[in-house]
Amino acid sequence: MEPAKDSSLPYYLRDLNSVQLKAVYHYQGPLLVVAGAGSGKTRVLTRRIVHLIKHYKVEPKKIMAVTFTNKATNEMYSRVVSLLGEIGKLVHISTFHSAGLTILRRHAHLLGYPKNFAVYDEKDSYSVLKATLAELNIDQKKYTPKYFYSIISYQKNECITPSDASSKKHPSYISLIVSQVYSRYQEKLFKSGAMDFGDLQLNWWLLFKKHKDLLERYQEFFEHILVDEFQDTNKIQYELVKMLTAKKRNLMVVGDEDQSIYSFRGARVTHILDFEKDFPDATVIKLEQNYRSTKRILRAAHSVISPSPFRRPKKLWTAHKEGEKIRLFGASTEVSEAQFLVETVKSLVKEKGYKYQDIAVFYRTNWQSQILEEMLNKEGIPYTIRGAVKFYARKEIKDTLSYLRILVNPFDKESFARAVQSPPRGIGNKTLNQIYLAAEQFNGNLLKGARYLADNCGKTKVKEFLKIIEELESLIGKVAFDELIKQVLLKSGYLERLKEIAKHDPVVFSKVENLEELRIAAYRASQDTVITKEHLQHFLDKAALTIEEDEKEEAEAEKTKGTFKKKGVCLMTLHLAKGLEFPVVFLTGAEEGLLPHANSEEKVELLEEERRLCYVGITRAQELLYITWSEDRSFRNKGSRYIYHKRSRFLEHLPEEDIEDLSEEGSSLTEELYPDVYNSQRNNFSPLSKKKNSSFSKDLVLKVADQIECKYSKECEKFPPLARDEVEEGIKVLHKVMGKGVIKTVKEKSDSDLHLEVQFENFTMPKLLSFKYAELRKI
DNA sequence: CAGCAGCGACTTTTT
DNA sequence: GTCGCTGCTG
Ligand SMILES: Nc1ncnc2c1ncn2[C@@H]1O[C@H](COP(=O)(O)OP(=O)(O)OP(=O)(O)O)[C@@H](O)[C@H]1O
């Protein structure tokens, strides 16, 4: 297809082929774009936003663009901002959940929730469910909280409310129990002034159902709604989109059936088919030219996806060159797989001129990243990882944030209980229950309940706890956010407690380090401005949705490139990779049991989803593609038995002429014959055991703990401020929060500011700082 | 009420 | 192999 090269076209319409242009020009009415990977779907969607604003003079804030994952949202955001600059930031670009949260923050009172309702994560929800099951005398061994959580989430995704669930005509025994649990659970959440993830959609939907006037206002407000990755949309999300566009019918959806990988959370590919039924007048546009990958990569991708039995065949071609062969590497152990990765990355950077951030590493499950990380660390290769063990889900972080959460929402039982008991302070379940009871007199306000108990029943321990809370509360509006976090850690005795534990168990080092990381996140979120309740709420919201702090800001920093890439090799799960692209891709763990995952082998639908996952991974690659697997990997729960895994069945049909097999010599045969030798060799191979204990001594714990207490800010006073013309790579600096470090790179951003990358002593990864705000000292 | 031993779950993917 | 929860003990 000839690109429209006419240079009289505005900048944002260049580099689009005629079919793409047709989609971008589309003004009003429903529009469906279906197309294969890399055909420019996201490009068309983002360019169309620009066109709507520039040409049709639609106000940016009246455009909403949504999708499911944070990553894909960031991708859209950075593309729009790079095309539009500041104006682009006014467009409402977010995930469905984040959009729901924003709207519910404004109107939740209409549903009876407090304005500062809490957002419960999975763990909080489990805990509520556990209490629910206990109340209903349900055997938790037989039906776990997890089980109910998944069913309730599913129901919420399907627009099923508790009352819908209980009004079933001929309920089975189990669905009867489920509906009981669902109702009681929902009641409990409500009393705690809390919503779970599903509620961010369900309550949004209910809000619009119950308050037509409000819905109309939003229908009126949003001129255009665009949905990226439409195949990942579940029922309630589709319903929401239909509701919102019912009046103006300016809805554009963009998707690819072959990339549907979220059916486990209720996403339905059939929505693409439904769309044509729901909007019979929809314009349908198909894109067939791939602009991302080489011919070889595309053929490989095709060989993976085409055997799928349910698939509607789709054309996809590219004008790009053949490119290099796809390299396969079958390793004998996960360690040698990781070694291959590390070595190859090194040589790509050294000899082929690739940058670390050009390289992505994908895997099926989060835990697979561990070994890869260790290897990369060992070799000093910079990398970024997202979502592994979610930062805000860690115990120490949740413990700390629980104090802030009850400041914002004193009804939040989960956070209240957590704060009260971390660290343990002589208040146990008995007192806790008394507080709950007392709180009923105050509409469920737990702080008031506690106050009542403290004043009238002489509970000194409770009094002491309340004193902490009140002191913290008084800091709001007075100090910066990082200071507030520090005070939480000090006043609550949490840090003291960790130091105590450190004396006999240095493992807490990583916890202290994480807390320091949290304080830095707080510092970055507020810089030196005074923290307000609104700020605090906002920060907690972002934490709840696992939106990485300043991800959007950084996206901006790299405007020129269009797409934003973080520093270093990018590690992520296959699910998170969707919508992104990289010059070099490593698809790791491409073996039976992992891809397809063992849990998905049984059912065809699940198996096919795994296939699509593999397809998604392959189609992220622009130039080079490496596929690796390991015949042997230790699965912790399966004991120390090693199970031999064959190369993934999805690789079976890779075209012979497009691949180059670099697999290790020695194979399954050797393993089967000499398992002992094999195993001992394997042990020699793991120098990476997590025995941090010896090197991360208790001194280090104390050091970081000191840091939290801001020892550096005093030290800072001893050194002269660093002037702008003194900034130079390699010089030593002191930062009041992060301590001593060396400037690694200097990036000019504008006249007013510099961007510095500083390697601090106490952190493995370098930190990005703004010169203007960092107030560095010269040492 | 806190500490500790013993037990089971954990590793599928996201918000 | 580790984490976190449960239930027992002091
Ligand atoms: N007409 C074009 N000319 C040049 N490059 C293009 C054109 N259309 C798309 N591209 C490029 O192709 C790549 C893929 O585009 P994009 O990410 O929008 O595709 P996509 O359909 O959203 O892919 P996926 O579904 O795999 O996420 C991008 O690098 C984009 O810049």
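Each chain gets a letter, A, B and so on, in the order the sequences are listed, and its residues count up from 1.
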Q: What integer distance in Å separates M572(A):CE from dT13(B):P?
A: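 Answer to the nearest Å: 15 Å.
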Q: Assess K398(A) against Y392(A): is NZ or CZ under 6.0 Å from the centre of the six-membered ring, and within 45 degrees of the ring's axis?
A: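 The answer is no; the distance or angle limit is not met.
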Q: As a test of reading the structure: which of dC5(C), dG3(B), dT14(B) is closest to the side chain of P424(A), going by heavy atoms?
A: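 Minimum distance to the P424(A) side chain belongs to dG3(B).
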Q: Within the structure shown, what part of the strands sits under 4.0 Å from Q201(A) by heavy-atom distance: base, sugar-phosphate, or nothing?
A: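 Counting heavy atoms under 4.0 Å across all strands, no contact is made by Q201(A).
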Q: Compare side-chain N and O positions of T546(A) against OP1 and OP2 of dT15(B) and report whether any pair is under 4.0 Å apart.
A: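 So the side-chain polar atoms of T546(A) do come within 4.0 Å of the phosphate oxygens OP1 or OP2 of dT15(B), strictly under.
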Q: Closer to the 5' end of DNA chain B via nearest nucleotide, is it G428(A) or N599(A)?
A: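 Whichever sits nearer the 5' end wins; that is G428(A).
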Q: Which one, dT15(B), dT13(B), dT12(B), comes nearest to the side chain of T573(A)?
A: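 Nearest nucleotide to the side chain: dT13(B).
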Q: Answer yes or no on whether R105(A) is positioned over the face of F117(A), meaning its NZ or CZ is under 6.0 Å from the six-membered ring centre and within 45° of the axis.
A: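 Flagged: R105(A) positioned over aromatic ring of F117(A).
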Q: So does K130(A) get a side-chain nitrogen or oxygen closer than 4.0 Å to the phosphate oxygens (OP1/OP2) of dT6(C)?
A: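 K130(A) to dT6(C) OP1/OP2: side-chain N or O found under 4.0 Å.
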Q: Would you check if the distance from the ring center of Y113(A) to the ring center of F190(A) is below 6.0 Å?
A: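 When the ring centroids of Y113(A) and F190(A) are compared, they turn out to be within the sub-6.0 Å range.
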Q: For L545(A) and L432(A), take the nucleotide of DNA chain B holding the closest heavy atom to each; which residue's nucleotide lies nearer the 5' end?
A: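 Nearest nucleotide further toward 5': that of L432(A).
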Q: Using a distance-only test with no angle check, is there a side-chain donor-acceptor pair under 3.5 angstrom linking S648(A) and E591(A)?
A: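 Not at all, the side chains of S648(A) and E591(A) share no donor-acceptor pair under 3.5 Å.
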Q: Establish, yes or no, whether the cationic atom of K242(A) lies under 6.0 Å from the six-membered ring centre of Y238(A) and within 45° of the ring axis.
A: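 Yes, K242(A) sits over the ring of Y238(A).
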Q: Write down the distance between CG (N429(A)) and P (dG7(C)), rounded to a whole number of angstrom.
A: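 Computing the N429(A):CG to dG7(C):P distance gives 11 Å.
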Q: Kindly say if R394(A) contacts the phosphate of dG4(C), meaning a side-chain N or O under 4.0 Å from OP1 or OP2.
A: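 False: R394(A) side-chain N/O out of range (4.0 Å or more) of dG4(C) OP1/OP2.
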Q: Separation of Q421(A) atom CD from dA2(B) atom P, in whole Å?
A: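 Q421(A) atom CD is separated from dA2(B) atom P by 7 Å.
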Q: Check every strand shown and say whether K123(A) touches a base, only sugar-phosphate, or nothing at a heavy-atom separation below 4.0 Å.
A: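 Since no nucleic acid heavy atom lies under 4.0 Å of K123(A), the category is nothing.
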Q: Within 45 degrees of the ring normal and closer than 6.0 Å to the centroid, is that where the cationic atom of R612(A) sits relative to F650(A)?
A: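 Geometry flag: not set, cation outside 6.0 Å or 45°.
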Q: Check whether any side-chain N or O of K146(A) sits under 4.0 Å from OP1 or OP2 of dC10(B), and answer yes or no.
A: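 It does, given that an N or O in the side chain of K146(A) lies less than 4.0 Å from OP1 or OP2 of dC10(B).
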Q: Does the side chain of T67(A) come within less than 4.5 Å of T233(A)'s, by heavy atoms?
A: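 No, too far: nothing below the 4.5 Å cut-off.
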Q: Is any side-chain nitrogen or oxygen of N70(A) closer than 4.0 Å to OP1 or OP2 of dT14(B)?
A: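 The answer is no; no side-chain N or O of N70(A) sits under 4.0 Å from OP1 or OP2.
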Q: Pick base, sugar-phosphate or nothing for D121(A), based on heavy-atom distances below 4.0 Å to the nucleic acid.
A: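 Answer is nothing: D121(A) stays at 4.0 Å or more from every strand.
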Q: Specify the separation, in whole Å, of atom CD of E610(A) and atom P of dT11(B).
A: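 Going from CD in E610(A) over to P in dT11(B) covers 16 Å.
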Q: Would you kindly give the CH2-to-P distance between W367(A) and dT2(C), to the nearest whole Å?
A: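 That distance rounds to 16 Å.
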Q: Output yes when at least one side-chain N/O atom of N366(A) is less than 4.0 Å from OP1 or OP2 of dT14(B), else no.
A: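 For dT14(B), OP1 or OP2 has a side-chain N or O of N366(A) closer than 4.0 Å.
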Q: For F264(A) and dT13(B), what is the distance between atoms CZ and P respectively, to the nearest whole Å?
A: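 Result: 8 Å.
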Q: Students often get this wrong, so: under 4.0 angstrom with heavy atoms, is Y262(A) touching a base, only sugar-phosphate, or nothing?
A: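 Sugar-phosphate: the residue Y262(A), judged by heavy atoms under 4.0 Å, touches backbone atoms but no base.
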Q: As a test of reading the structure: which of dT14(B), dG4(C), dT12(B) is closest to the side chain of K395(A), going by heavy atoms?
A: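 So the nucleotide nearest the side chain must be dG4(C).
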Q: Just call it for R612(A): base, sugar-phosphate, or nothing, with non-hydrogen atoms closer than 4.0 Å on any strand.
A: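 Nothing, no heavy atom under 4.0 Å.
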Q: Quick one: label F68(A) by what it contacts on the DNA or RNA (base, sugar-phosphate, nothing), any heavy atom closer than 4.0 Å.
A: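 Touches a base.
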Q: Decide, applying a 5.5 Å centre-distance limit and a 30° plane-angle limit (both strict), whether H575(A) stacks on dT13(B).
A: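 Here H575(A) fails the 5.5 Å or the 30° condition.
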Q: Roughly how many Å apart are dT2(C) and dT13(B), using the C1' atom of each and rounding to a whole number?
A: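 So the two C1' atoms sit 22 Å from each other.
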Q: Determine the contact category for I261(A): base if any of its heavy atoms lies under 4.0 Å from a base atom, sugar-phosphate if only primed atoms, P, OP1 or OP2 are that close, otherwise nothing.
A: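 Touches nothing.
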Q: In whole angstrom, give the distance that lies between atom CD of E229(A) and atom P of dT15(B).
A: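 The distance from CD of E229(A) to P of dT15(B) comes to 13 Å, rounded to the nearest Å.
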Q: Send over the distance from Q434(A) CD to dC1(B) P, rounded to a whole Å.
A: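 Between P of dC1(B) and CD of Q434(A): 8 Å.
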Q: From C-beta outward on T431(A), which listed nucleotide comes closest to its side chain: dC1(B), dT15(B), dT12(B)?
A: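 Nucleotide nearest to T431(A)'s side chain: dC1(B).
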